[in-house]
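See below for the structure under consideration.
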Amino acid sequence: MNIPIFKPVTHVIFGLDGTLLDTERIHRKMFTRIANGYGKVFPDDLSLKILGKQEMDIANYIINTLQLNLTHEELIQKVRDEEEKTLKNAKLMYGVEDLLEHFHQQKIPMAVATSCSEDSYRLKTDHLKDIFSVFHHVVTGSSDPEVKNGKPAPDIFKVCASRFPGNPMNSEFLVFDNSPNGVTAASAAGMQVIMIPDPILSVWHNMSSANATYVLNSLEDFRPEMFSLPPYSTSSDFC
């Protein structure tokens, strides 16, 4: 199989929801339940627009689009209450554990850049502390004061890059993200970005992946040598 080759990278940043954790389906069901409670329908195109956005931006989109009689704070609290019930045992996406273990063994610096709040991040990952311990740091866009603008603005990725030692250049980063907003943000930060599209994006695939360096169906399909990173060992493939 011919493997495409792109510019070499030294550091890696991952999105969280839909990239590391299988949470997007749960989020859609959660938002649908909230909308249905007010006699509203939560449409797929609204899911597309809010993918990767910060909590306040998500609340703004949903309230304005569905004309909900709620304040932003009330909707965010409803979402947090739903998360408490549904996301405490979130599962990893396919291929995540193997890839993180490989990068960790190869001493590739890694971080997480997620638009959720620190409280939400902890709720989703506390049961996976060992796996998430490989990250140098985590940037939670909805609660980090340095992240002034949410995705698709590049702020979160620039802030994330700045917290690595050695002052690496943005061009030395590879980002993994599932959302058009995240892909646009990473590209605007001057980084290469692998997109693993959420299934809901299939209808809008050409538009949603326009800014991606490369598109994969799953992290299981990623080949590190595409970006001059150490390849998986053929003699000790992960199980």
Task: Heavy-atom closest contact (Glu24 atom, Gly18 atom, distance) - done: CG-CA, 3.6 Å
- [ ] Kindly say whether Phe164 contributes a backbone atom to a donor-acceptor pair with the side chain of His137 at under 3.5 angstrom?
- [x] no
Task: Side-chain donor/acceptor of Ser142 to backbone N/O of Glu55, under 3.5 Å - done: yes
- [ ] First locate atom CZ of Phe227, then atom CD1 of Ile5, and finally report the distance between them rounded to the nearest 0.5 Å.
- [x] 9.0 Å
- [ ] Give a yes or no answer on whether the side chain of Asp155 reaches the backbone of Asn149 with a donor-acceptor pair at less than 3.5 Å.
- [x] yes
Task: Neighbour count >12 (heavy atoms, 6.0 Å) for atom CG, Asp81 - done: yes
TODO: Establish, yes or no, whether a centroid distance under 6.0 Å links the rings of Tyr214 and Phe6.
DONE: yes
Task: Connected-component partners of Val41 among ILVMFWY, side-chain separation under 4.5 Å - done: none
Task: Spacing of Phe222 atom CZ and Phe176 atom CZ [to the nearest 0.5 Å] - done: 4.0 Å
- [ ] To the nearest 0.5 angstrom, please state how far the CG atom of Asp22 sits from the CG atom of Leu92.
- [x] 9.5 Å
Task: Flag, side chain of Thr23 to backbone of Asp17, donor-acceptor distance under 3.5 Å - done: no
TODO: Decide, yes or no, whether a salt bridge links Arg122 with Glu118 under the criterion of side-chain N to carboxylate O below 4.0 Å.
DONE: yes
TODO: Nearest 0.5 Å please: distance from the CZ atom of Arg25 over to the OG atom of Ser47.
DONE: 13.0 Å
- [ ] May I ask you to decide whether Glu82 forms a salt bridge with Lys29, counting only side-chain N to carboxylate O separations under 4.0 Å?
- [x] no
TODO: Check whether more than 12 heavy atoms from other residues, nucleotides or ligands sit under 6.0 Å from atom CG of Asn69, and answer yes or no.
DONE: no
Open item on the list: On a heavy-atom basis, which atom in Ala161 and which in Ile13 lie closest, and how many Å separate them?
Closed with: N-CD1, 4.4 Å
TODO: Just do the salt bridge (Lys or Arg N to Asp or Glu O under 4.0 Å) check on Glu84 and Arg80 with the steps written out, would you?
DONE: CA-CA 6 Å; Glu84 282 281 350; Arg80 287 177 178 163; over 6 Å; no
Open item on the list: Could you go through Arg163 and Glu146, starting from their C-alpha distance and side-chain angles, then the distance that decides it, and tell me whether this counts as side chain to side chain contact (heavy atoms under 4.5 Å, CB included)?
Closed with: CA-CA 11 Å; Arg163 294 180 182 171; Glu146 287 190 44; 3.2 Å; yes
TODO: Show the numbers, then the answer: is there a side chain to side chain contact (heavy atoms under 4.5 Å, CB included) between Leu99 and Tyr232?
DONE: CA-CA 9 Å; Leu99 183 58; Tyr232 285 116; 3.3 Å; yes
Open item on the list: Classify the ring geometry of Phe31 against His27: parallel below 30°, tilted from 30° to 60°, perpendicular beyond 60°.
Closed with: parallel
- [ ] Nearest 0.5 Å please: distance from the OG atom of Ser115 over to the CD atom of Gln54.
- [x] 5.5 Å
Task: Within residues 167-176 or reaching into it, pairs that qualify as side-chain hydrogen bond (donor to acceptor under 3.5 Å, both in side chains) - sequence neighbours excluded - done: none
TODO: Please answer whether the main-chain N or O of Gly37 pairs with a side-chain N or O of Lys40 as donor and acceptor at a distance below 3.5 Å.
DONE: no
TODO: Enter the distance from Asn178:CG to Ile194:CD1 here, rounded to the nearest 0.5 Å.
DONE: 13.5 Å
- [ ] Determine yes or no for a side-chain-to-main-chain donor-acceptor pair under 3.5 angstrom, with Gln106 supplying the side chain and Leu229 the backbone.
- [x] no
Task: Among Asn181, Asp177, Thr184, the one residue meeting side chain to side chain donor-acceptor pair (under 3.5 Å) with Lys151 - done: Asp177
Task: Considering all heavy atoms, the nearest Lys88-His127 contact - done: O-ND1, 3.0 Å
TODO: Kindly indicate, with the supporting measurements, whether the criterion side chain to side chain contact (heavy atoms under 4.5 Å, CB included) is fulfilled by Leu20 and Thr114.
DONE: CA-CA 10 Å; Leu20 294 175; Thr114 172; over 6 Å; no
